[in-house]
K.L.:
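Quick one: the structure is below, questions incoming.
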Amino acid sequence: MESCEPLPGSDIESLPGAGRAVGRRLVRCRLCGRPLTGTDSRRTGLGPACDAKLHPAAPDIRTRRHEVEQDPLPGT
């Protein structure tokens, strides 16, 4: 029968208030190495700040529009 306690030196940390029987694998940010706590961050492997650095928000298309001076169409 397997033991539920983590092995010394393993990447498992106990959840606060859950006792030693329930563990959660420590996931670190792939860019800066900080421990990740959020579900989405743990899934992607990047913290929110590092994710924003690698995947900046797309510019709003309305900010790229500009008026161009044109000659009037013939016949108008």
Side-chain angles (χ1 to χ4, degrees):
M1 184 172 195
E2 286 187 38
S3 173
C4 292
E5 293 198 22
L7 297 173
S10 67
D11 284 350
I12 296 180
E13 66 180 20
S14 296
L15 291 172
R20 296 198 43 89
V22 178
R24 184 167 148 179
R25 200 170 68 95
L26 178 65
V27 179
R28 295 194 173 271
C29 178
R30 293 181 289 163
L31 194 62
C32 68
R34 291 184 182 145
L36 300 175
T37 56
T39 305
D40 291 336
S41 296
R42 291 172 59 87
R43 187 178 308 122
T44 60
L46 292 170
C50 294
D51 188 42
K53 289 177 190 173
L54 292 178
H55 305 106
D60 188 12
I61 193 165
R62 286 175 275 159
T63 61
R64 295 186 303 176
R65 289 185 184 169
H66 57 277
E67 294 295 323
V68 177
E69 204 168 306
Q70 297 182 16
D71 294 331
L73 293 173
T76 55

K.L.:
What closest approach, in Å, do Arg25 and Arg42 show between heavy atoms, and which atom pair accounts for it?
P.N.:
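Taking every non-hydrogen atom into account, O-NH2, 2.8 Å.
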K.L.:
Apply the hydrophobic cluster definition, ILVMFWY joined by side-chain contacts under 4.5 Å directly or through others, and give me every member besides Leu54.
P.N.:
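Joined to Leu54, directly or through intermediates: Leu31, Leu46.
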K.L.:
Of all heavy-atom pairs between Pro48 and Ser41, which one has the smallest distance, and what is that distance?
P.N.:
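In terms of heavy atoms, the two residues are closest at CD-OG, 3.7 Å.
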